[in-house]
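Side chains are part of it too, since the values below use all heavy atoms of this structure and drop only hydrogens, waters and symmetry mates. In what follows, chains carry the letters A, B, and so on, assigned in the order in which the sequence lines appear, proteins first and then strands, with residues in each chain numbered from 1. All figures in this text were calculated on a predicted structure; none of them were measured in a lab.
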Amino acid sequence: MTPLLRGHNTEEGILAVHPSGNASMRLYIRGAKSVTTRDEEFFPFFYLSDPFLLDGFNQKFWLKKAEGALAFSHICVFPAWPVLWDAVRHMLDRFNTLTTTRIESYAQLDAIHLIPDPVTQFLLQTGRTLFKGMSFDDLHRLQLDIETYTDGPYRFSKATRPGDRIILIALTDNRGWNTVIDGRKHDERRMLHDLVRVINERDPDVIEGHNIIAFDLPYILTRCARHDVELTIGRDGSAAKTAEARGSAGEYPGEPAIAGRHVVDTLHLVQSYDQSKRNMESYGLKYVARYFGFASPDRVYVNGDRISATWDEEPEMLVRYALDDVRETGLISEHLSPISFYLTQLLPSPYGTITRMGSAAKIEQLMSREYLRQKHSLPRPSQGIQTTGGYTDVYVTGVVGPVVHADVASLYPSIMIGNGIGPAKDTLGIFTAMLEELTSQRLEIKQKARAAADSVERSRLDAEQSSLKILINSFYGYLGYSRALFNDYAQADAVTQAGQEILRKIIAELREHFGIVVEVDTDGVFFVPPPDCIGEEAERSFVRTIALTLPPRIFLELDGRYRRMLSYKKKNYALLGYDDRLTMKGSSLISRSIERFGRAFVRQAVERILNNDIDGLHRVYVNTVSAIQGHEMSVSEFARVETLKDSLETYDREVLTGKRNRSAAYEVARQLERRVRSGERVVYYITGTDPNVKGFENCKQAEDWDPHFPDENIAYYVKRLDEFAQKFKDFFRPQDFVRIFAPDDLFPFSSEGVEIITTAAPGQPDEPEETPGKFGIWLDE
DNA sequence: AGCTGTGGCAGGGAGG
DNA sequence: CCTCCCTGCCAC
């Protein structure tokens, strides 16, 4: 019995398990009842080497470190796929039994969990199917195919296509499941049987839906339980299960189990897409479809609470609505799923799982895959904290223009490649090598995509390069992640510090060349170009001039140009494009926690200020005040929407122990009849007459607001409006400010003599004192 | 049970 | 009033 892994850090608790050469098994080791374990000693561990299957596609298992040497009494085999039962038995027979090698004080296995991930993955990608009763020889041939099909470490395998898909939609109204269905039990029972039949007939590799994991599947399973129908949609005829139903046998919570099929939730796809883009307002299906331009003009919309009524009154309408949902979900998936799909060729995880994996987990898999390929041990996570981040500052507040935004392309990855930054623990040195390799692959693919004549080919290549971009951008975050095996806080700090230096250099150079730096954040700069730099071409070449002063491989690019900019605070500003489009950034201007009327007010006010329309600004204020006072707004405009992070129980406990204060959102949640879970949104408004009421004592659920007897707290909401107006205080002289943001009285408002003040932000000792009007040229237009 | 990072603004409530 | 603490949301 020789340990399969070699390594320098076995003293840190590295274990080798020798499974006698079957790596298509996922080994899961649970602490036996007789074993005392300590939580802090639990750590995930790890891949088997594979003398027989393919390199890299090894499976993961977990060990619980036990105190002292212990032997378990038996070994159990749990094949996740009954189809493979024979194969497992065959392999075990062939190798007699599992042998384990124990190092230091680690315990032996007590359970084996089979998940044929590489096989499903291969099948999915090649469009081949695994059939019931397949013999071990058939499987073995498949495995040989898989071997030839893999290209090697951290390279894409040969691409094929996603398998057949089916989209699942469940409909209910949001008053609860009972009202929709209870009157029509027979119909529903038949529908469930139809669902099972259709899925088995179509036999899809992938089942998709928007929020399918949190809603459609659990909903359908609940209905199945109520009607005593088995949702037998697994490829082997087994029933679909939710995580709870399966226990926590090493699976992710919420991970659905449909044997032989992948579940892809377009909600997850959208969320991870927006993590890099960051400009979506919501992740709801209807919004997302409109965002991507997938919603057709004659799309049917039915409000959630009208679904059962619509079904009763105009069933064809509801059918059309459901089909529109399906169509849009399908288009969103076609647009976004390739990013995950192409990663299945790089990572040893199944397609469905990859769509739900975080970015650090992906890096971890890449690292582990290569370490295991080289049969080297893996380190444990280091303890510590990262101490630095990006540099952010605001040099000028007020209205300026024209403004150019220049940013460094892929700042952190470039630094890591340029300075060879990688974890000290990475003795094989693959982290940086991998980053370099992936980056050059991406550039190659990007160029191919640009050159591709065929539009299908182009979008396939584009998806591939987007997958890589996401991976590449995750390398930095991985360094500072506390649970990462290869984390290295010192190196994470080295990356951010180098980034700060580059940004400061850019600022210094811009000033040297007579640009006026307005706001900077991490990897980009807003600045007013020098007076003789007019027009896009001049600005572009100005940025090039600055870029020449930077270290090699650091590419400063012109990212955007704007007619005017309102600079408010760090990470808070508004931009007016040459197409007159207004974009606002920052939590104090666009936060979802601001009431809708407040967001509308701020937006209109910013727009008027950017256009130097002081009379308009005053009118916006006056109109908003009168709308509040005249009860002209409906509840959705002044209600506040809050997401509950904790359960009501946690909240109560923490309030009781004085760890946190009472808050309106949770108190409203308490009033609701249904149980409120964490992550849910609560919509409420403030009642009473005193503007200084305590929110948690004077709050009501928005649904309870009655337009005929409006009881919102007018004084409170006027006070809120004045708080929003305060944001603009520094843009005006005090005497002007009080006149603009005040109701009309005896004398009509006049903007005569009002000027917008632009100032160098305080606390900038190296910035010479500036006077109003000196920033940019637009005031003289 | 799994979870990528730091920096920044604002609001509400409690207590000085 | 102010400060502190906590939570939520946002930029990159």
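- We find that CG of A/Asp393 is positioned 8 Å from P of B/dG8, with the value rounded to whole Å.
- One finds no salt bridge joining A/Asp521 and A/Lys570 here, because no Lys/Arg side-chain nitrogen approaches an Asp/Glu carboxylate oxygen to under 4.0 Å.
- Close to C/dC10, at under 4.0 Å from its OP1 or OP2, lies a side-chain N or O of A/Arg592.
- The cationic group of A/Arg504 lies under 6.0 Å from the six-membered ring centre of A/Tyr391 and within 45° of the ring axis, placing it in a cation-pi geometry.
- The separation between A/Gln500 atom CD and B/dG7 atom P is 8 Å, rounded to whole Å.
- Straight-line distance from the CD atom of A/Glu519 to the P atom of B/dG7: 16 Å, rounded to whole Å.
- The residue among A/Ala361 and A/Asn572 whose nearest nucleotide of DNA chain B is located toward the 5' end is A/Ala361.
- Tested against A/Val264 for a side-chain contact (heavy atoms from CB on, under 4.5 Å), the candidates A/Leu269, A/Leu336, A/Ile354 yield a single pass: A/Leu269.
- Distances shown here put a side-chain N or O of A/Arg640 below 4.0 Å from the OP1 or OP2 atom of B/dG12.
- A/Thr522 comes within 4.0 angstrom of sugar-phosphate atoms only, judged by non-hydrogen atoms across all strands, and of no base.
- Contacts of A/Gly389 with the nucleic acid, taken as non-hydrogen atoms under 4.0 Å apart, involve only primed sugar atoms and P, OP1 or OP2.
- Looking at which nucleotide of DNA chain B each of A/Glu723 and A/Gln386 is closest to, the 5′-most match is held by A/Gln386.
- If you check every strand for non-hydrogen atoms under 4.0 Å, A/Tyr573 touches sugar and phosphate atoms only.
- When distances run from any side-chain atom of A/Ala360 to the nucleotides C/dC12, B/dT4, B/dC9, the shortest one goes to B/dT4.
- B/dT4 atom P lies 19 Å from atom CD1 of A/Ile385, rounded to whole Å.
- Separating the CG atom of A/Asn713 from the P atom of B/dG12 is a distance of 12 Å, rounded to the nearest angstrom.
- Residue-level contact check: A/Thr496 touches neither bases nor backbone, having no heavy atom under 4.0 Å from any strand.
- Closest approach to the A/Tyr716 side chain among B/dT4, B/dG8, B/dG12 is made by B/dG12 (side chain taken as heavy atoms from C-beta onward).
- The phosphate of C/dA11 has neither OP1 nor OP2 within less than 4.0 Å of any side-chain N or O from A/Lys571.
- Between A/Tyr476 atom OH and B/dT4 atom P there is a gap of 14 Å when expressed in whole angstrom units.
- With ring centers used as reference points, A/Tyr283 lies 6.0 Å or more from A/Tyr287.
- In this structure, A/Asn473 atom CG and B/dG5 atom C1' are separated by 12 Å, rounded to whole Å.
- Residue A/Tyr568 has no polar side-chain atom (N or O) positioned under 4.0 Å from OP1 or OP2 of B/dG8.
- Side-chain atoms of A/Lys505 do not come within 3.5 Å of backbone N or O of A/Pro551 as any donor-acceptor pair.
- Atom pair A/Tyr283:OH and C/dC10:P shows a separation of 9 Å (rounding to whole Å applied).
- For the pair A/Val641 and A/Arg592, the minimum side-chain heavy-atom distance is 4.5 Å or more.
- As judged by a 4.0 angstrom heavy-atom cut-off over every strand, A/Ser474 is placed among residues making no nucleic acid contact.
- Within the nucleic acid shown, A/Ile590 comes within 4.0 Å of sugar-phosphate atoms alone, with no base atom in reach, counting heavy atoms only.
- Within 4.0 Å of A/Tyr478, counting heavy atoms only, lies no atom of the nucleic acid at all.
- The phosphate of B/dA10 (OP1 or OP2) has a side-chain N or O of A/Lys569 nearer than 4.0 angstrom.
- Nearest to the side-chain atoms of A/Ser587 among the listed nucleotides C/dA11, B/dT4, C/dC9 stands C/dC9.
- For A/Arg356, no side-chain nitrogen or oxygen approaches OP1 or OP2 of B/dG2 to under 4.0 Å.
- For A/Thr392 against B/dG8, a side-chain-to-base donor-acceptor contact under 3.5 Å is absent.
- Look at A/Arg640 and A/Glu595 and you find a salt bridge, because one of the NZ, NE, NH1 or NH2 atoms lies within 4.0 Å of a carboxylate O, short of that distance.
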